[in-house]
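Below: the structure, in structure tokens.
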Protein chains: 2
Amino acid sequence: MDIQKLGYDSINLGHGSGGLMTRDLLDNMIFNTFSNPFLNQKHDGSIVKFNNPIAISTDSFVVSPIFFKGGNIGELAVNGTVNDVAMCGAIPKYLSLAFIIEEGLKINEFRDILNSIKKAADTSQVQIITGDTKVVERGKGDKIFINTTGFGEVHPKANISTDNIKVGDKIILNGQIAQHGMAIMSQRQGLEFESDIISDTTNLNFLIKDLLDRFGKDIHFFRDPTRGGLSSVLSEIATDINNGILIFENKLPIEKQVAAACEILGLDPLYVANEGVFLTIVEASIADEVVDLMRKDDKGKNAVCIGEITKDHSGKVVMNSHIGGKRIVSPLMGEQLPRIC
Amino acid sequence: MDIQKLGYDSINLGHGSGGLMTRDLLDNMIFNTFSNPFLNQKHDGSIVKFNNPIAISTDSFVVSPIFFKGGNIGELAVNGTVNDVAMCGAIPKYLSLAFIIEEGLKINEFRDILNSIKKAADTSQVQIITGDTKVVERGKGDKIFINTTGFGEVHPKANISTDNIKVGDKIILNGQIAQHGMAIMSQRQGLEFESDIISDTTNLNFLIKDLLDRFGKDIHFFRDPTRGGLSSVLSEIATDINNGILIFENKLPIEKQVAAACEILGLDPLYVANEGVFLTIVEASIADEVVDLMRKDDKGKNAVCIGEITKDHSGKVVMNSHIGGKRIVSPLMGEQLPRIC
């Protein structure tokens, strides 16, 4: 991937033509980064075999800026989809990878993104098995958008569904909220403020696997509160289960600096996007053990039980606040922070 | 999907927030269009079971204009990926569907696209099982980009690989070339010219299945020459097999009006994109039967053997021209028609 050898230092429309320039980009940048027997067939698709039911999830990533504190769009595109597959109770195994690149993207930036994708895929033990590269004219995109679709075998002990959630179940969070959203905010054009907040983007698949290995069907639900934050995910669950959700404000894990940044900008951390956070809803009897297991893992070291499923206030999320009162947590209405992932 | 009831007539950033507006868009436009047990779970992913190896293919669609003669970006996004899965020798079954929408897209246009997706999916007998919707600011996208990733079970009799292609094999095309590219060109801003050329976008999966049912492993290869046209696909194959390819110019099926339009614009139809065309490379002994079977199908009614695999000029595509001479067909270098699919 020597730019001198490539003969171009930015992506142009020819790279999306399907002709020799596309082939050149694929051979010199993509295939040699992700080389594996699936991709090396260089066909338009790949053939894989699964022995168990598979979970499939897709996401397009349009985060801006594409490089941010703690990560970049490439890493996010791998972790985000790996986590979505894991949240179905599955072991992520393969990803497809599709780029929409705006003409003019610097090859150096593209290379850094590809390297991050490779590193994140290796960390999660997933392989990139098929892909696509399109190029749009200047001003018709924004540097780069990435779609990943992920596939994984459902864990033999998993049974993840809102149907399993019942009154008395405990809601456990693995870590501190609002980091990703505030990291992006701190870098947004026109919104820059001093902060060391870094995105929490990471892969959660191994912690999910450990939980399923140990607790199996006593784990009723997983979900990662990305766009829309914790409040939106909790509200959706409350709507789906026809029971209520009660959470405790003083249990919500949030890093001091993140809380301060939210306060400065007038944002409620419950609505701010996360990338390395998930919630699990479990049998009350195993809740303490779940928290213990999580805390032994670096990705769950701030794990805490934040609430429970209640018979009261069906379809609503209620929060016991710091100052003793109760308030209803509404879902996010419109847009708080566009293009957060 | 009554706009009065929706309360908005275009997509705005709030629809990509992950909050209530996203949910509203999903419930009122997407879930009720594609309703099926997979999507109705409303989780971030879906679980499916396959008994055979599966073929997976992904494509992002960025065609401009999004509505063109003979189709639109939605229909294209279904047919394109259905065909890519079929070209692997598989029976397409499921699609994921991810939108990147530019703020301001008219709801009417989005609805038409969704309806086309639904219709095309039904025609191909594939289900939309999971999806994603992102919204970017005005001027950071171009109306709508669509990613589809497709999954299908490999046909039990299929063995599709360039490894199987050998000297003497015949190359058969199902239909007339260059239609899709010329249909798009005829509508491009600044390039409009009078023509009734319509895109050939269609699903090819059932014809592929019929061929595999009947001829099994005597079919060595399938490929649809989309971006880059027939010349690029043939050149790629020639490079991969280390033998030569010989094609006959007078056999190339091309509709008169399309040929005339190419001539007016100075375009070589061999380099113009197709959407409803595929080539198959087969045992010489079955070539006539393959053509006969294709011609009985509306999607193969112009089927013809256009050439063969040769020992000579390894790695190159040579064309016997109308006027008797031979010329080398080079692959497309850079961009002829940007954003054709």
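A, B, ... follow the sequence lines: proteins, then strands. Residue 1 opens every chain.
One finds no salt bridge joining B/D84 and B/R227 here, because no Lys/Arg side-chain nitrogen approaches an Asp/Glu carboxylate oxygen to under 4.0 Å.
Counting heavy-atom pairs closer than 4.5 Å to chain B, the top residue among A/S232, A/G139, A/S57, A/S231 is A/S57. Heavy-atom pairs under 4.5 Å with chain B were tallied for A/K49, A/E137, A/R223, A/K140; the largest tally goes to A/K140. Contacts with chain A were tallied for B/F145, B/F50, B/F99; B/F145 has the most, counting heavy-atom pairs under 4.5 Å. When the candidates A/G228, A/G229, A/P331, A/G141 are compared by the number of heavy-atom contacts under 4.5 Å with chain B, A/G141 comes out ahead. Comparing A/N51, A/D163, A/I56 by heavy-atom pairs within less than 4.5 Å of chain B, the highest count is held by A/I56. Here A/E236 is the residue among A/K143, A/E236, A/M87 with the most heavy-atom pairs under 4.5 Å with chain B. Residue with the most contacts toward chain A among B/A55, B/C88, B/S46: B/S46 (heavy-atom pairs, distance under 4.5 Å). No other option in A/N12, A/T130, A/D44 has as many heavy-atom pairs under 4.5 Å with chain B as A/D44.
At least one side-chain heavy atom of A/L97 sits less than 4.5 Å from a side-chain heavy atom of A/F34. For the pair A/L39 and A/I129, the minimum side-chain heavy-atom distance is 4.5 Å or more. Between B/L234 and B/L279 there is a side-chain heavy-atom pair separated by less than 4.5 Å.
Aromatic pair B/F38/B/Y94: ring centres closer than 6.0 Å.
A donor-acceptor pair is defined here as one N or O able to donate and one able to accept, closer than 3.5 Å; such a pair exists between the side chain of A/R188 and the backbone of A/S64.
Interface residue A/N52: only backbone heavy atoms are found under 4.5 Å from chain B. Heavy atoms of A/V136 lying under 4.5 Å from chain B belong to its backbone as well as its side chain. For A/D59, the parts lying under 4.5 angstrom from a heavy atom of chain B are both the backbone and the side chain. If you measure heavy-atom distances from B/T133 to chain A, the contacts under 4.5 Å come from the backbone alone. In this structure, the portion of A/F222 lying under 4.5 Å from any heavy atom of chain B is its backbone and not its side chain. Of the two parts of A/E102, neither the backbone nor the side chain holds a non-hydrogen atom closer than 4.5 Å to a non-hydrogen atom of chain B. In this structure, chain A has heavy atoms under 4.5 Å from both the backbone and the side chain of B/I54.
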Mind running side-chain hydrogen bond (donor to acceptor under 3.5 Å, both in side chains) on A/N83 and A/N79 for me, showing each step along the way? CA-CA 6 Å; A/N83 292 345; A/N79 290 338; 5.9 Å; no
With side-chain hydrogen bond (donor to acceptor under 3.5 Å, both in side chains) as the test, would you mind laying out the steps for B/T162 and B/N164 before giving the verdict? CA-CA 5 Å; B/T162 49; B/N164 302 328; over 6 Å; no
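Rounding to the nearest 0.5 Å places CG of A/L20 at 11.5 Å from CG of A/L26.
Relative to the ring axis of B/F61, A/K134 places its NZ or CZ within 45° and under 6.0 Å from the centre.
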